[in-house]
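Below is one structure; the comments refer to it alone.
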Protein chains: 4
Amino acid sequence: MPPETTSSRIKRDRAATRARLLDAARLRFARDGFDGTSVRDVAGDAAVDPALVFRYFGSKKKLFDEATAVPEPAAELFGGPREELPARLLGSIAFQDWPSHAGEHPLIAMLRSSGHAETRERLREEVCETYVRALAELTGGGPDGDLRAELFSAWMLGIGVLRSVIGTPAITGATPEDLEPHLEKVIAALLERG
Amino acid sequence: MPPETTSSRIKRDRAATRARLLDAARLRFARDGFDGTSVRDVAGDAAVDPALVFRYFGSKKKLFDEATAVPEPAAELFGGPREELPARLLGSIAFQDWPSHAGEHPLIAMLRSSGHAETRERLREEVCETYVRALAELTGGGPDGDLRAELFSAWMLGIGVLRSVIGTPAITGATPEDLEPHLEKVIAALLERG
Amino acid sequence: MPPETTSSRIKRDRAATRARLLDAARLRFARDGFDGTSVRDVAGDAAVDPALVFRYFGSKKKLFDEATAVPEPAAELFGGPREELPARLLGSIAFQDWPSHAGEHPLIAMLRSSGHAETRERLREEVCETYVRALAELTGGGPDGDLRAELFSAWMLGIGVLRSVIGTPAITGATPEDLEPHLEKVIAALLERG
Amino acid sequence: MPPETTSSRIKRDRAATRARLLDAARLRFARDGFDGTSVRDVAGDAAVDPALVFRYFGSKKKLFDEATAVPEPAAELFGGPREELPARLLGSIAFQDWPSHAGEHPLIAMLRSSGHAETRERLREEVCETYVRALAELTGGGPDGDLRAELFSAWMLGIGVLRSVIGTPAITGATPEDLEPHLEKVIAALLERG
DNA sequence: CATGAATGAGGCTTCATTCAT
DNA sequence: AATGAATGAAGCCTCATTCAT
């Protein structure tokens with residue numbers, strides 16, 4: 001019997017335990033929010049003693065921060081051809097499955113913890129630095145370029161909220177193809193130089 | 001002193017106390033969410049013993065339900081000329097001051113407690129029955145009329161979120177006049193018969 | 001059966017419960033120090049739920065502060081004839097039984113929690129404002145009057161420590177009469193104008 | 001490379017590590033007391049894994065016992081001329097810097113952990129066997145020789161407490177020269193044959 | 001033998017809720 | 001019917017200590 005069998009009990013492996021805690025935390029925080037998640041919950045999901053949360057992360061808050069840290073700037077998301085950026089963003093927010101975040105886009109999931117000021121700040125930075133900044137390049141940069149980029153971001157975020165959180169029927173049942181023609185029009189209305 | 005005076009005084013007090021509790025609860029729940037609000041907070045704001053919350057409402061949850069029950073459908077909102085409906089809705093979500101809800105629109109405030117399934121359900125009903133239904137009348141009712149109405153609702157809700165919760169600079173600083181031209185275009189893009 | 005029988009179960013009486021907690025805290029803190037005492041211990045001694053400690057005192061620290069607050073300036077202690085003051089002070093520190101403080105003088109008991117800076121500060125104030133100040137009046141006020149008053153206070157405190165804390169045999173077994181002649185001499189050596 | 005080199009290196013390391021742990025423990029226990037010191041603190045100061053504390057000493061308590069064991073009776077302290085013994089003792093308690101004990105005399109430092117019965121017992125032994133015994137030789141051995149020796153020890157200990165723990169101003173600012181005349185008088189009052 | 005991952009008990013504190021008066 | 005004292009569960013976190021590697 002190979003020795004890995006023993007070690008496959010997933011025990012005594014700092015990196016693995018930390019990662020399991022982080023995974024569990026991402027899921028719980030995404031689904032139930034910061035207040036709705038207890039350290040015991042997370043530790044239980046990871047099949048680990050709650051004390052390890054503090055050993056590895058210092059506090060519930062720091063675990064939350066690390067678990068909800070935006071992943072890589074999604075290089076592929078912003079890498080492709082410019083004209084397709086809005087479609088890719090919308091797809092990422094509304095249609096992509098994020099198994100690590102209970103299925104939702106991280107931004108949408110973080111809204112669930114927006115009662116905490118710091119979470120709001122992180123949301124603002126992420127929306128401004130990533131979405132608005134990238135979209136503003138498409139607006140032709142007029143005097144209201146940022147406003148239009150924000151308005152388009154608002155639309156995408158709103159779609160995400162209606163689809164993932166509130167669950168209105170039409171948007172929830174829609175496919176990317178269903179949305180495509182409307183996306184075109186809204187792009188034309190908000191993003192393209194007026 | 002006639003006995004009904006006493007009893008009516010008590011009755012008025014009881015009703016007044018209940019109302020004060022509801023007002024306080026609305027404010028707290030809107031500002032801090034369900035989890036961020038304690039029964040003692042609410043009772044303290046109403047200058048009332050916490051036990052009365054249970055006497056009058058049964059539980060914190062039931063107080064929440066009653067406090068966040070959607071008010072009347074805001075007759076005036078839907079009463080005016082049809083063409084101005086989207087502008088009125090957007091104004092209501094993004095620009096109106098709701099003193100009873102810590103300044104925010106009730107829908108936006110309820111998002112703060114969307115970790116609770118029942119809150120989500122109530123949000124869905126409100127969005128569908130009120131916003132989508134009313135807007136669908138403007139879409140010409142094509143096969144995707146509901147979808148377009150939802151997409152427009154998503155935009156308005158997203159604007160509310162970006163303005164009240166996340167606080168992105170351009171939308172936060174915008175006036176109704178700033179938004180007006182964009183509103184026109186998005187109406188044309190989503191609501192008017194394509 | 002008189003109604004007091006029911007209320008003699010010592011329940012539902014805010015003042016009495018608070019007092020019982022305070023008594024239990026004084027005893028525990030005196031005997032085991034701040035760190036050696038848990039809120040559960042105190043509440044257990046008072047036959048009360050631990051949560052009441054926080055309801056009535058706010059925190060363990062505040063309970064400690066209130067429990068170890070110096071009682072009245074012991075009017076009788078400083079009221080009598082001046083020449084007998086040292087004897088009365090020594091008696092109070094070394095021989096008086098303080099049932100509220102596990103038998104020890106409060107100052108001696110507080111030494112057990114002197115790991116906390118605030119406790120040291122309170123001790124300093126008490127020693128300076130009460131003992132040194134009163135004794136300095138007996139020193140003839142020479143340039144080193146305060147020093148001699150402190151040196152005499154040190155002697156009394158040391159006796160208290162040896163008797164109550166360390167338990168050296170001769171002092172522990174001594175009676176006030178045994179100490180009297182030595183007291184006279186030390187008074188002459190330290191307090192009286194040299 | 002001969003094998004004993006390796007084993008002796010290890011042995012030296014083991015001894016050195018043990019010694020470093022003891023030094024760190026002495027310092028921490030002296031400064032913060034038993035309860036205020038954690039095993040991790042000590043191990044951290046010694047730059048060593050906390051588990052070694054248990055491997056080398058068995059428990060925190062045993063580490064404490066060993067770390068606070070009275071050092072050698074300080075031969076030099078008791079070696080000089082008899083008449084100067086009280087002055088040397090007082091200097092050792094009140095003015096000597098004990099870098100191994102955070103600056104304080106070990107007896108004073110141990111008072112900080114006097115909540116533990118065993119610490120008190122060790123304090124008693126040390127005071128009796130060392131101080132009282134040596135001082136009793138100066139009392140002329142009358143019937144109350146031990147009592148007078150204890151009373152003088154109490155004075156010294158009290159001075160140490162007021163100076164190092166409580167920090168009363170006059171004693172804290174005093175130099176050995178300031179104390180010298182008072183020392184003479186108290187020696188005459190307590191130690192010399194009456 | 002040394003390392004460090006893991007643990008379980010216990011600490012302080014808050015909260016929704018119940019119960020005696 | 002109203003008050004407020006009391007409660008018990010749960011929350012976050014720390015610590016001494018053990019156990020696998």
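So you know, we letter chains A, B, ... as the sequences are listed, proteins then strands, and number each from 1.
Put simply, the side chain of Glu66(D) does not reach to within 4.5 Å of the side chain of Tyr56(D), judged on heavy atoms. Residues Phe57(A) and Asp65(A) fail the side-chain proximity criterion, which asks for heavy atoms closer than 4.5 Å. Inter-residue side-chain proximity for His101(D) and Leu27(D) is flagged as unmet; no heavy-atom pair is nearer than 4.5 Å.
For the segment residues 41-50 of chain B, the set of residues with a heavy atom within less than 4.0 Å of an atom of DNA chain F comprises Asp49(B), in numerical order. Of the residues in residues 18-32 of chain D, not one comes within less than 4.0 Å of DNA chain E through any heavy atom. Near DNA chain F, meaning a heavy atom under 4.0 Å away, the residues from residues 55-62 of chain A are Ser59(A), Lys60(A).
The separation between Asp35(A) atom CG and dC12(F) atom C1' is 13 Å, rounded to whole Å. Rounded to an integer number of Å, the gap from Leu52(B) CG to dT3(F) C1' is 8 Å. Spacing between atom NE2 of His116(D) and atom P of dA16(F) amounts to 11 Å, rounded to whole angstrom units. Arg40(D) has its CZ atom 13 Å from the P atom of dA6(E), to the nearest Å. At whole-Å resolution of the value, CZ in Phe34(D) and C1' in dC15(F) are 11 Å apart. For Leu63(B) and dT17(E), the CG to P distance is 10 Å, given to the nearest whole Å. Taking atom CZ of Arg14(C) as the reference point, atom P of dA5(F) lies 5 Å away to the nearest angstrom. The interatomic distance linking Asp13(C) (CG) with dG4(F) (P) rounds to 14 Å, in whole Å.
When base pairs are accepted only as Watson-Crick or G-U wobble with both N-N or N-O distances under 3.5 Å, DNA chain F takes part in stems of 3 or more pairs at E:2-21 with F:2-21.
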Item to check | Candidate pair Arg18(C) and Asp13(C), rule salt bridge (Lys or Arg N to Asp or Glu O under 4.0 Å), full reasoning | outcome: CA-CA 8 Å; Arg18(C) 229 190 95 102; Asp13(C) 181 336; over 6 Å; no

Item to check | side-chain contact (heavy atoms from CB on, under 4.5 Å) assessment of Met110(C) paired with Ser113(C) | outcome: CA-CA 5 Å; Met110(C) 277 180 77; Ser113(C) 302; 5.9 Å; no

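Evaluation of atom-type donor-acceptor distances gives a pair under 3.5 Å for the side chain of Arg12(C) against the base of dC19(E).
Comment: Arg112(B) does not engage Asp32(B) in a salt bridge, judged by the lack of any side-chain N to carboxylate O separation of less than 4.0 angstrom. With salt bridges taken as basic N to acidic carboxylate O contacts below 4.0 Å, one links Arg26(D) and Asp23(D). A salt bridge is absent between Asp49(B) and Arg55(B): the closest approach of a Lys/Arg side-chain nitrogen to an acidic carboxylate oxygen does not fall below 4.0 angstrom. Looking at Arg20(B) and Asp45(B), no side-chain N of the basic residue comes within less than 4.0 Å of a carboxylate O on the acidic one, giving no salt bridge.
Taking 4.0 angstrom as the limit, Ser38(D) places none of its side-chain polar atoms (N or O) nearer than this to OP1 or OP2 of dT14(F).
The aromatic rings of Phe64(C) and Phe34(C) sit perpendicular to each other, their planes meeting at more than 60°, with 30° as the lower class boundary.
Closest-nucleotide positions on DNA chain F for Ala51(C) and Thr37(A) were compared, and the one nearer the 5' end corresponds to Ala51(C). Nearest-nucleotide mapping onto DNA chain E: of Val39(B) and Phe54(C), the residue sitting toward the 5' end is Phe54(C).
The structure places OG1 of Thr17(D) at 11.0 Å from CG of Leu22(D), a figure rounded to the nearest 0.5 Å. Distance check: Leu111(D) CG to Arg120(D) CZ gives 11.0 Å after rounding to the nearest 0.5 Å.
For Ser164(C), the side-chain contact (heavy atoms from CB on, under 4.5 Å) test picks out Glu104(C), Ile108(C), with sequence neighbours left out. Legend: residues meeting side-chain contact (heavy atoms from CB on, under 4.5 Å) with Val42(C), ordered by chain and number and at least two apart, are Leu21(C), Ala24(C), Ala25(C), Arg28(C), Thr37(C), Leu63(C).
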